[in-house]
Amino acid sequence: MRRILRLVLPASLALIAACGKETPPPQTATAPAAPAKPAAVVPSPEGHSSPEITAEDFAGRLKKISGDAFEGRKPGTIGERMTTAWIKDQFEQIGLKPGHRDNWIQTVPMIETTLLDPDTVKLDFKTKGGAEHLAYRTDMIVNALDASHAVDLEDSEVVFAGYGVVAPEQNWNDYAGLDVKGKTVVVLVNDPGWGNRDEALFKGKALTYYGRWTYKYEEAARQGAAACLIVHETPGAGYPWDVVVNSWSGPQDALPPREDPAPHLSAAGWITTEAAQRLFAKAGQNFDELRKSADVRGFKPTALDAKLSTHFKNRIDNTSSENVFGMVRGSTRPDEVVVYSAHWDHLGKDASLKGDSIYNGAIDNGTGIAGLIEIAEAFAHQDPPPQRSVLFIAFTLEEAGLLGSRYYVTHPAFPVDKTVADINMDALPILGPTRNIAVIGWGQSALDDDVKDAAAAQNRTIVADEAPEKGFLFRSDQLNFARSGVPVLYARSGLDLVDGGEEAGRQAYADYTANRYHKPADEFDPGWDFRGVVQDVAALRAVGRKLADETTFPAWKADADFHRPATPGG
Ligand SMILES: [Zn+2]
């Protein structure tokens, strides 16, 4: 473990610190004094937590779960066994009941697909302008999504299908009049609203679910395509090419086909913009012009004068992991449930790294698990108890593609139409006290009003997510509840810091993203100021408490990306 203390300092203090500690910081008569930072929090020792949500308890649990002993909490390792056993013990100690049909644990089956000899894999295109070979890593990345041991694609016709979107409510169909059975579909990243910034089209710059790669692969498979290639560009994807390569190379986890009966692509991949430009030019088309045409209403898909062949082999391993459940039973409506969730899994350890080799995942997602247990403890001691049941789920396999929550919604503890809401916590920033709470996916459901009220009770305000184009709503476990029709809340500290304002908040958050996110440096820091994150957790507890004592079900807004399915017979 790297022993560098990483204090998150407001910009002004960071500058002072950089100037050297011998000289006292210069003061001007007009500078407002920032509130003094509290003394370092002493984490509560295990078994000595209070029913209230406190910085000491939160810190104690966060320190424990992000400790080196848990080895980065990778599913399938000893770190998994330690983590799930510890969470179950915590649930039991604070007085929860087993939450999944009288069990603490739900086994999640999974398969791992490993591409063999990846660096020899090529995408070979025959075009009227000659052959184009795309190389692994530099031009493209590819995987099988159908759990097959061998992929053999021979002369599959290539079609450019714009954004690959079928959205009846937007009166938009990129596959209109097109039969893509057995063909290879090339699509753009993001959605048409990103392309032309028309606010009336797919929410403009904000990413809709239609812009996520998961959706594009699902839709291409539903249309009968054999392969789908997404053309990468950094602003539209929200991350650079090396992130695509890192997350798509190595073993890929998925639910077994029996758990996921929807059609799956034989070959799914990404290609760089440069590779697309070369390929389209050889096929007699101009990629940049076609790209521009794709965000205009009336776009028609274009068959390229190109055929794709590719051959590769996979190793398929069957394995499993665990979701952990605890519950407080409702006093008057126990069949209805409010869900709190957070993923326990992280990236494990990497012996090839020099120095610190453990991905402790303190922020991602030790904070979510610490928050989950703190909220559970408050509900467990609540008198009178909540009227509806409250379920606490620690999900596995979030980092592998939201698989634990995906399995849960098809094997739920309570029917989804009795599930009032999911309040999910993932990577809560620890920035010190903030004047606002950021709601990711603001404008989707009535839960916005509930969190606004909870924030107001703390003299804080609400802001919409800073970067809606990054689609954070679709990038953690709440997505699977939303897709099942259950309204979701994903909220965390905004960036307007009480000590230092927006600029300091932005800087601290950017520092986390650049230097600690998904790196071994995401580890517990005894110097952290927990005041803001504890308020965030208390606000989420207040929202759930209100929902648990209501008789109504919160509604999605009319233009939300999701809706509750019609009730049977209704
Ligand atoms: Zn996470």
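Remember, it's 1-based here, ligands and their atoms both numbered in the order they're listed.
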Legend entry - Tally, protein N/O/S atoms nearer to the Zn ion (ligand 1) than 2.8 Å: 4
Do any pairs count as a ring-ring contact (aromatic ring centres under 6.0 Å, His included) and have a residue in [range], sequence neighbours left out, and if so which ones?
| range | answer |
| --- | --- |
| residues 428-448 | none |
| residues 473-516 | Tyr209-Phe474, Tyr408-Phe481 |
| residues 341-363 | His346-His518 |

Inset, instruction - Return the orientation label for the Phe91 and Phe392 ring planes: parallel under 30°, perpendicular over 60°, tilted otherwise. - result: tilted
Inset, instruction - Kindly assign one of parallel, tilted or perpendicular to the pair Phe379 and Tyr340, based on the angle between their ring planes and the thresholds 30° and 60°. - result: tilted
Legend entry - Contact check, side chains of Val41 and Phe58, non-hydrogen atoms, under 4.5 Å: no
